Number of protein chains: 2
Amino acid sequence: MNLKELSELLNLSQTTVSRALNGFPEVSERTRERVQKAAKQNNYAPNKAARGLATGQALSIGHVISTTNQNEMVNPVFGDFVAGVGEVYSKHGYKMLLSIVPPGEDEYQVYREFKAQSTVDAVVVQSPSVDDGRIEFLNKLGIPFIVHGRASECKVPYAWLDVNNRSAFVRATNFLHDLGHRRIALLNGREHMDFAHRRQQGYESSLQSHGITIDPSIMFSSDMTESYGYQRTTELLKSDNPPTAILTASIIVALGARRAVQQAGLTVGQDISIVTHDDRLSYFHNTADVPMFTATKSSVREAGQRLAELLIQMIANPNMEPPTELLEVELTIGKSTGPAPTN
Amino acid sequence: MNLKELSELLNLSQTTVSRALNGFPEVSERTRERVQKAAKQNNYAPNKAARGLATGQALSIGHVISTTNQNEMVNPVFGDFVAGVGEVYSKHGYKMLLSIVPPGEDEYQVYREFKAQSTVDAVVVQSPSVDDGRIEFLNKLGIPFIVHGRASECKVPYAWLDVNNRSAFVRATNFLHDLGHRRIALLNGREHMDFAHRRQQGYESSLQSHGITIDPSIMFSSDMTESYGYQRTTELLKSDNPPTAILTASIIVALGARRAVQQAGLTVGQDISIVTHDDRLSYFHNTADVPMFTATKSSVREAGQRLAELLIQMIANPNMEPPTELLEVELTIGKSTGPAPTN
DNA sequence: TGAGTTTTCCAAAGCGCTTTGGAAAATATT
DNA sequence: AATATTTTCCAAAGCGCTTTGGAAAACTCA
C-alpha cells in the first residue's frame with residue numbers, strides 16, 4: 001500500500017492524505033481522522049526512502065564502531081549505551097545506523113560516505129581518546145555530532161555528554177584516604193582514552209592534596225578485562241610494599257582484583273579495600289542491600305538516553321550552540337571497603 | 001555533489017555516469033576510469049535514499065532488540081555478535097539498522113513498520129525462545145530473515161545458524177563423568193531460551209546414558225549474571241549433598257561460581273570442577289596457555305560473520321531454500337576441572 | 001563503398017513521497 | 001445579495017537515482 005493507492009481508496013488527493021498524516025493544519029479534523037484510520041487499517045506508512053528523498057532527511061543517526069583494537073571497540077558498555085540511545089531514537093522516529101569498521105579499514109571514509117550519500121542526519125562519537133581526531137574531522141565535514149565523553153586536548157567547541165570522571169575519582173580516592181589508606185593502587189583503562197586520563201587526574205589530585213607522593217609503580221592502564229584485574233592485583237600483593245586499597249575502572253576489572261585477593265587468602269574489605277567505577281551494566285548488578293562493591297556509579301544507559309535527546313534537539317535546531325552536559329556520579333558504599341589495616 | 005553535477009562536469013549523460021560506476025558492460029574502460037576518478041576526487045557517492053527509491057532496495061538489514069526483559073536483551077554477547085555481523089555487512093555495502101523497542105512497546109509493530117516503509121531488505125532474529133513467535137510472524141509478513149539460534153517448537157522451515165548446544169553439553173557432561181563426577185549441577189540460562197533448552201537436553205541425555213538420575217534440585221535457570229552464579233553455587237555447597245562439578249552457561253556465571261567456591265575455602269579444579277560454555281567474548285579472554293576454565297568454546301563473533309553471509313546470499317537470491325547451519329563447539333581443557341574427589 | 005554489427009552514449013520515465021501555488025467550496029462580512 | 005475571507009482540497013513539480021528503449025558513432029566484412 002502506497003500513498004497513491006491509499007488516496008484513491010479514500011477518494012482524496014495524495015496531498016491531502018499526506019498532510020492529514022503529517023499533522024498539517026490545512027486539513028479538517030474529520031478527514032484527518034478518516035485518513036488516520038484508513039492508514040492504520042491498511043498498515044500504511046510512508047516509504048522511508050521516498051520520504052527521505054523528498055524531505056532531505058535521513059531519519060537515521062549513525063554510530064561508527066572501529067574494530068581495529070579488538071578489545072576496546074566491542075566493549076561491555078556498548079550494549080547498555082546503545083539500549084539507552086535507541087529507546088529515545090525510536091520515540092522520535094529515528095533509526096540507529098550502526099557501522100562496524102573492519103580492522104584495517106578507514107573509519108573516516110565511513111563518515112565521508114555518510115556525508116556523500118546523506119545516509120544519516122547526525123553521528124554519535126563513542127570512546128573518544130585524549131586527542132581524538134574525529135571531532136575536528138566531523139566539524140570540517142559538516143555532519144552534526146555529539147561525543148559520549150570528551151577529548152581533553154580538543155579546544156574547539158563541540159557537543160558532548162560526559163560523566164565527571166575526575167571528581168568521581170577524587171571522591172573515591174578521598175574516601176579511601178578517610179578510611180586511613182595511604183597506599184592506593186590504580187587499575188585504570190587505556191591511558192589514551194579520555195575517561196582514563198581524567199580518572200587518573202582525579203586520583204593524582206586527591207593524593208597530592210593529602211600530601212601523598214604519586215607512585216607510578218602502582219598505577220596501571222590496560223584494556224578493562226577480568227584477567228587484567230587479576231594479574232595486576234596478584235603482582236601488587238606479592239610486591240615488597242603492597243597497597244592497602246585498589247581503585248579500578250570497571251566492575252569487570254574489580255572482579256579480577258577480588259579474585260586475586262581471595263586467592264591470596266586475604267579478605268576484600270578488610271585486608272584490602274576495592275573501589276570501582278560502576279557503569280550499572282544490566283548484566284552486572286551491584287545493587288544488593290549492601291552492594292558487593294563500593295563504587296562510583298553512573299548509569300551508562302541513562303547517559304545514552306540523555307545524549308540521544310540532546311542530539312535530536314541539535315538536529316531540529318541546527319544553529320544552536322553545541323550543548324554540553326556533565327553528569328555527576330553517586331558514591332555508594334558497599335562491602336568491599338573498610339578501614340586500612342593497622343600493623 | 002550529485003549525479004547531475006558530476007555528469008555535467010564530465011560532459012557525459014547521467015546514464016553513462018551511473019552505468020560506469022555500477023559496473024555495467026555498456027561503457028568503455030576509458031570512460032569508466034575517467035568517471036571513477038572524478039567521483040573519487042569530488043567525493044561523490046550516490047544518495048542512499050534516491051538509490052533505494054529507484055532500485056527498491058533499502059541496503060539495510062534490521063536488528064530488533066526488545067528491552068522488555070532488561071537483562072536478556074542487553075546481553076553481553078550482543079556486542080561481539082554485532083561486531084561480527086557488521087564487518088560482513090560493510091564489506092557488501094549493507095548498513096545495519098538497530099531498532100531498540102522500549103519496555104511496553106510492541107516488537108511486532110516494528111516489523112510491520114519495516115515492511116510498510118521498506119526500511120530494510122531483511123531482518124536478523126536474535127535470542128529466540130523455544131516457541132518464538134517471530135518466525136511465523138515474519139514468514140507471514142514476507143520479510144526475509146535469519147535466526148541466530150533456533151526455536152525448537154517451530155516446525156516450518158526457516159533460515160538459521162546455531163551452535164550445537166546439545167552436543168556441546170553432552171560432551172561437557174561426558175567429560176565430567178569420565179573424570180569420575182557423578183553429581184553435576186547445571187547453572188543454565190533462562191529455560192524458555194532455546195539455547196538453554198537444548199543445553200539442558202544435552203546435559204540430561206548424557207546423565208541418562210550413564211544411568212545417573214536427573215535431580216532437578218541441582219538444576220537452575222536464570223539470567224546469566226555473575227551474582228546468579230555466586231548465589232546458586234553458595235547454596236549448592238552448603239547443601240546436604242553438594243555436587244562435585246558444576247556446568248555453567250556462560251563465563252560470567254562461571255566467574256560467580258568460582259567466587260563462591262573460593263569463598264567456601266575450596267579449590268576450583270580440585271574440590272569442585274567447573275565447565276562453562278564460552279562465547280569467546282572479546283573482553284573475557286579465556287585463552288592462556290592453560291585456560292582458566294575448561295569450556296565448550298564457540299566464537300559468537302564468527303557466528304555473526306557467517307550468519308551475515310548467509311543472509312546476504314538470501315537477499316541476492318530470494319527463491320533459495322532457507323539455509324541452515326550448525327556450528328560444532330570446541331571442548332578445551334583448562335584449569336577448572338579435575339578428577340572427582342574421592343571420600 | 002555500402003550494409004551489417006558492435007560499441008558508446010543519451011533522453012526520458014519512474015520510484016513514492018513532500019510541498020508549492022492556486023482553485024473550489026464553505027463561511028463570514030458588509 | 002454581493003463581496004471578502006477562510007477552509008478545504010488538488011495538480012504538478014521536484015527530490016536524486018536507475019533503467020528502458022533507442023540513436024549515433026565506430027568498426028567489420030563482403
Side-chain angles (χ1 to χ4, degrees), chain A residues 1-36 38-39 42-60 93 95 113-121 316, chain B residues 1-36 38-39 42-60 93-95 113-121 315-316:
Chain A
M1 167 82 38
N2 61 22
L3 183 60
K4 193 180 169 198
E5 290 163 3
L6 184 64
S7 63
E8 280 166 4
L9 193 84
L10 287 161
N11 265 324
L12 291 173
S13 77
Q14 298 188 33
T15 314
T16 306
V17 174
S18 172
R19 294 202 147 152
L21 292 173
N22 290 328
F24 280 66
E26 302 97 322
V27 63
S28 73
E29 269 319 301
R30 198 147 41 92
T31 40
R32 190 192 304 284
E33 275 167 27
R34 200 162 69 93
V35 170
Q36 280 172 341
N42 296 281
N43 197 29
Y44 168 80
N47 178 290
K48 197 193 175 218
R51 161 179 263 204
L53 188 54
T55 60
Q57 292 218 301
L59 298 175
S60 300
K95 308 287 178 205
E113 269 184 35
F114 276 174
K115 177 72 178 183
Q117 303 181 160
S118 320
T119 334
V120 297
D121 299 317
Chain B
M1 166 81 39
N2 61 22
L3 182 60
K4 192 179 171 201
E5 290 163 4
L6 184 65
S7 64
E8 280 167 2
L9 193 84
L10 287 161
N11 266 323
L12 292 173
S13 77
Q14 298 188 33
T15 315
T16 305
V17 175
S18 173
R19 295 201 144 150
L21 292 173
N22 290 328
F24 280 66
E26 302 98 320
V27 63
S28 74
E29 268 321 300
R30 197 147 42 91
T31 39
R32 188 190 307 283
E33 274 167 28
R34 200 162 69 96
V35 170
Q36 281 172 342
N42 296 282
N43 197 30
Y44 169 81
N47 178 290
K48 198 195 174 215
R51 162 179 262 203
L53 189 54
T55 59
Q57 292 218 302
L59 299 175
S60 300
Y94 280 90
K95 309 288 177 202
E113 268 184 34
F114 277 174
K115 177 73 178 182
Q117 302 180 160
S118 316
T119 332
V120 297
D121 299 317
I315 296 174

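The model shown is predicted, which means the values in this text are computed figures rather than measured ones. The chains referred to below are lettered A, B, ... by the order of the sequence lines, with proteins before strands, and numbering in each begins at 1.
- Taking CD of B:Glu113 as the start and NZ of A:Lys48 as the end, the distance is 11.5 Å to the nearest 0.5 Å.
- For the helix from C:dT1-D:dA30 to C:dT30-D:dA1, the rotation axes defined at the first and last 5 base pairs enclose an angle of 40°, given to the nearest 10°.
- Contacts of A:Ala54 classified as side-chain contact (heavy atoms from CB on, under 4.5 Å), with partners at least two apart in sequence or in another chain: none.
- Rounded to whole Å, the distance from CZ on A:Arg34 to P on D:dT8 is 14 Å.
- Remark: the backbone N or O of B:Ser13 is not paired with any side-chain donor or acceptor of B:Thr15 at under 3.5 angstrom.
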**Prompt:** For every nucleotide of nucleotides 15-23 of chain C, 5' to 3': is a protein heavy atom under 4.0 Å from its base (B), only from its sugar-phosphate (S), or from neither (-)?
**Reply:** BBBBBBB--
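- Remark: side-chain polar atoms of A:Ser18 are not paired, donor with acceptor, to backbone N or O of A:Gln14 under 3.5 angstrom.
- Side-chain N or O atoms of A:Arg51 include none that pairs as donor or acceptor with a backbone N or O of B:Gln117 at under 3.5 Å.
- Within the 4.0 angstrom heavy-atom criterion, only backbone atoms of the sugar-phosphate kind lie near A:Thr31; the bases stay farther away.
- In this structure, A:Leu12 and A:Arg34 have side chains that are in contact, with non-hydrogen atoms separated by less than 4.5 Å.
- Protein atom CG of A:Leu10 is 15 Å distant from nucleotide atom C1' of D:dC10, rounded to whole Å.
- At least one donor-acceptor pair closer than 3.5 Å links the side chain of A:Asn2 to the backbone N or O of A:Lys4.
- Side-chain contact between A:Val17 and A:Tyr44 is absent, with no heavy atoms from C-beta onward closer than 4.5 Å.
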